[in-house]
Amino acid sequence: MIPGARLIILGRQGAGKGTQCVRLARHYVVPHISTGDVLRAAVREGTELGQEVREILESGGLVGDETMIGVVRERLAKPDAGTRGFILDGFPRTVAQAEALAEITAERPIHVVIDLDVPREIVLERISSRRVCRDCGTNYTSTGSDATTWICDVCGGDVTQRDDDTPEAVNRRLDLYETQTAPLIEHYGNLGELVVVNGVGHPDNVFKRLTDVVESRR
Ligand code: AMP
């Protein structure tokens with residue numbers, strides 16, 4: 001296993017991206033940088049950033065490019081990202097963010113951009129049963145009505161449904177994905193940096209497809 005992978009994982013929210021990114025981060029021993037997790041933590045902690053983005057997150061909208069670029073610039077400047085690499089999950093989400101990222105990573109370019117492809121209908125099904133650890137971001141699948149909070153197997157944190165996993169917010173995010181984020185696929189495709197990976201199937205099979213792509217590109 002070669003250390004120092006620098007990856008971007010794109011895909012619709014609920015495509016299984018989060019779970020696969022957590023797993024890839026453990027496999028390659030690199031930090032998993034989820035901009036959604038960073039923002040949710042800021043909201044929980046009531047920081048200035050949290051106050052700025054709280055309502056946008058609840059409604060399923062997109063946080064402004066300038067704010068997001070600042071968040072990622074600051075995170076990628078930390079030593080672990082420089083020495084060990086990183087997996088970016090949820091960023092970039094617009095072409096403007098992608099252009100800023102190219103500038104931020106100019107000295108150590110991204111190895112590969114992966115589009116984890118799962119059709120919208122399947123995503124809607126998955127999101128309604130999604131439960132997430134508030135502390136470490138591990139995803140779980142609910143099998144029925146579970147009103148009580150679970151405890152995370154990985155870190156002992158609270159496992160709950162995300163506030164923005166309501167049908168209205170989910171549909172809004174999926175619409176935004178089509179208009180704002182899908183052009184990124186074309187952007188990275190034109191640059192020859194994109195690999196589309198089929199995200200449908202057993203998570204172990206999807207993980208194997210992802211690591212095959214990473215190994216072939218490094
Ligand atoms: P996620 O956990 O990636 O689904 O992100 C949750 C929410 O955080 C999104 O619905 C957006 O409101 C916000 N967010 C996360 N990453 C970004 C980004 N790169 N650009 C704009 N908004 C973002």
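First listed ligand is number 1; within each ligand, the first listed atom is number 1. Only heavy atoms go into these numbers, but all of them, side chains included; no hydrogens, no water, no symmetry mates.
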K.L.:
Quick test: of every protein heavy atom, which one is nearest to atom 22 (N) of ligand 1, and how far off is it to 0.1 Å?
P.N.:
V63 N, 3.1 Å

K.L.:
Crowded around N171 CG? As in, over 12 foreign heavy atoms under 6.0 Å?
P.N.:
yes

K.L.:
Decide whether an N or O pair under 3.5 Å exists between R162 and ligand 1.
P.N.:
yes

K.L.:
Mark yes or no for whether R134, through its side chain, and G157, through its backbone, hold a donor-acceptor pair below 3.5 Å.
P.N.:
no

K.L.:
Tell me yes or no: between the side chains of R162 and N139, is some donor less than 3.5 Å from an acceptor?
P.N.:
no

K.L.:
Atom 7 (C) of ligand 1: which protein heavy atom is closest, and how many Å away?
P.N.:
L57 CG, 4.0 Å

K.L.:
Please say whether R93 places an N or O atom under 3.5 Å from an N or O atom belonging to ligand 1.
P.N.:
yes

K.L.:
What I want to know is whether Q97 and ligand 1 share at least one N or O pair that is separated by under 3.5 angstrom.
P.N.:
yes

K.L.:
Please check if V159 and V132 belong to a single hydrophobic cluster, counting links between Ile, Leu, Val, Met, Phe, Trp and Tyr side chain heavy atoms closer than 4.5 Å.
P.N.:
no

K.L.:
Which residue and atom name correspond to the protein heavy atom nearest atom 6 (C) of ligand 1, and how close is it?
P.N.:
R40 NH1, 3.4 Å

K.L.:
On a heavy-atom basis, I'd like to know which of G36, G137, G61 is closest to atom 12 (O) of ligand 1.
P.N.:
G61

K.L.:
Would M68 count as being in polar contact with ligand 1, using the rule that some N or O on each side must be under 3.5 angstrom apart?
P.N.:
no

K.L.:
Testing D163, V63, L62 one by one against L57 for a side chain to side chain contact (heavy atoms under 4.5 Å, CB included), which residue passes?
P.N.:
V63

K.L.:
In terms of side-chain geometry, is the basic nitrogen of R44 or D37 positioned less than 4.0 Å from the acidic oxygen of its partner?
P.N.:
no

K.L.:
Check R75 with D80, please: is the shortest side-chain N to carboxylate O separation under 4.0 Å?
P.N.:
yes

K.L.:
Can you confirm, on distance only, whether ligand 1 has an N/O atom lying under 3.5 Å from any N/O atom belonging to S34?
P.N.:
no

K.L.:
For atom 13 (C) of ligand 1, grab the closest protein heavy atom and report residue, atom and distance to one decimal in Å.
P.N.:
L39 CD1, 3.5 Å

K.L.:
Which one of V213, D115, L116 satisfies the side chain to side chain contact (heavy atoms under 4.5 Å, CB included) criterion with V196?
P.N.:
D115

K.L.:
Would you mind running through ligand 1 and noting each atom that sits below 4.0 Å from a heavy atom of R173?
P.N.:
10 (O)

